[in-house]
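For reference, the structure discussed in these notes is given below.
The shown structure was predicted, so the numbers you read here are calculated from the model rather than taken from an experiment. Indexing begins at 1, ligand by ligand and atom by atom, following the structure's order.
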Amino acid sequence: MKHYTSIHDIDNINSWIEEAKQLKENPLKHIELGKNKTLGLLFFNSSLRTRLSTQKAALNLGMSPIVMNVSGDAWGLEFEDGTVMNGSTAEHIREAAAVVSQYCDIIAVRAFPTLTDKQKDESEQVLSAFKKYASVPIVNMESATGHPLQGLTDALTIAEQAQTQKPKVVLSWAPHIKALPHAVANSFTQAMQKMDVEFVIANPEGYDLNLEITGDTKIYHNQEEAFKDADFVYVKNWSSYEDYGKVKSTDPNWMITKEKLGDAKFMHCLPVRRNVIVEDAVLDSDSSLVIEQANNRTYAAQLVLKKILENSPS
Ligand code: CP
């Protein structure tokens, strides 16, 4: 594997999950693999989990991580070709990506969508430019349309926690005051489509995800109906895809309560707004898997870095 930028880079999700479980059992087993190798983590946006767990994953493999907050600390980057750079941007991605490649053996990038320009977001301008102009492998730490480290983490968590051969998994929209990206929901959907689970999505009218991603997955506009017999309820807000980036509803009736959840396990990628997305009683109960998910971020990232290192010339 050269890059990890999408759930589609996973060739066999079941074997990846098994390998991630082995890494979790013995995280330092491959401590020599990344010796004298450097992981660069470039953040265009905020992060707690991705920032720390990806560094931890690199350290477990013997790599040296270096981190930069690109938006705050680097020169303003230009992504358009042929621009007369006499405005706010001081460095072109062509040079920047090539330069970072001199210092790093793998580059991991976080760059959120604009949520105003659908075409630009779907082109994955930042991630694509790094893939194009860097000379080393690229890892997606959440881009405009996907969060494949989170998707792999969530697949691992469900595989570990499942009590039945083919659990029912529901991805449910929940209200939020701000316009949020589709990335987590997209990657979770793609991961579940690769697993042997009964997977459905629940969201209000006007909130269907990109139908090219949801494909044959059943979409309910009635949350109660979707939750029937659920084993896992994965909750996330996203802004409208159809009316791109708009908050069309903050209906509190879609918030997750203990009563709605029933016997199902609750999942969320975090950070989560308490009593907006989900009530305290759920997060503070044994039904919540959010800390297990956060823990698994390390092993998902470690597996991805391991596969890239194994495929890279020494
Ligand atoms: N779930 C997740 O990606 O968390 P952070 O935004 O804190 O990295």
Side-chain angles (χ1 to χ4, degrees), residues 4-7 9-10 20 39-60 65-73 106-115 121 124 126-127 138-158 160-161 169 171-174 176-192 209 232-239 256 265-274 276-278 282-283 288-305:
Y4 183 71
T5 55
S6 154
I7 289 289
D9 291 323
I10 300 174
L39 172 68
L41 297 100
L42 305 183
F43 287 92
F44 288 80
N45 306 95
S46 305
S47 167
L48 187 152
R49 278 142 293 274
T50 306
R51 186 176 175 127
L52 296 181
S53 64
T54 312
Q55 288 185 76
K56 172 86 175 170
L59 292 167
N60 283 351
I66 52 178
V67 185
M68 187 168 204
N69 294 324
V70 181
S71 299
D73 297 341
I106 301 174
I107 302 173
V109 181
R110 166 166 283 199
F112 288 173
T114 62
L115 290 182
D121 290 346
E124 290 285 12
V126 177
L127 195 67
I138 301 298
V139 173
N140 179 353
M141 294 195 296
E142 188 171 345
S143 65
T145 65
H147 194 354
L149 288 176
Q150 185 69 54
L152 176 58
T153 298
D154 299 329
L156 168 62
T157 309
I158 286 173
E160 284 179 330
Q161 300 283 339
V169 180
L171 168 64
S172 179
W173 181 93
H176 198 284
I177 55 165
K178 286 174 64 182
L180 295 190
H182 311 96
V184 169
N186 287 343
S187 290
F188 184 72
T189 297
Q190 290 167 330
M192 290 306 104
L209 293 164
F232 297 91
V233 173
Y234 193 102
V235 181
K236 184 74 186 80
N237 171 269
W238 58 86
S239 54
I256 309 305
K265 293 289 188 187
F266 172 82
M267 298 179 73
H268 191 284
C269 62
L270 301 182
V272 69
R273 289 186 184 238
R274 283 176 172 250
V276 175
I277 292 269
V278 56
V282 173
L283 277 173
S288 174
L289 297 178
V290 297
I291 305 303
E292 282 85 345
Q293 286 173 263
N295 183 34
N296 280 341
R297 288 296 306 271
T298 298
Y299 309 107
Q302 193 171 334
L303 177 62
V304 166
L305 295 175

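Each of Leu149, Leu127, Val304 was checked for a side-chain contact (heavy atoms from CB on, under 4.5 Å) with Asn140, and the lone residue meeting it is Leu127.
Around ligand 1, the residues contributing at least one heavy atom under 4.0 Å from the ligand are Ser47, Leu48, Arg49, Thr50, Arg110, His147, Gln150, Cys269, Leu270, Arg297.
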_CA sep, side-chain torsions, deciding dist, call: Gln150, Ser187, side chain to side chain donor-acceptor pair (under 3.5 Å)_ = CA-CA 8 Å; Gln150 185 69 54; Ser187 290; over 6 Å; no
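By the side-chain hydrogen bond (donor to acceptor under 3.5 Å, both in side chains) test, Arg274 is found to be paired with Asp280, Asp284, residues two or more places apart in sequence or in another chain being considered. Contacts of Glu160 classified as side-chain hydrogen bond (donor to acceptor under 3.5 Å, both in side chains), with partners at least two apart in sequence or in another chain: Lys24, Asn296. For Ser6, the side-chain hydrogen bond (donor to acceptor under 3.5 Å, both in side chains) criterion is met by no residue, not counting sequence neighbours.
Taken from CG in Leu115 to CG in Asp121, the straight-line distance is 6.0 Å, to the nearest 0.5 Å.
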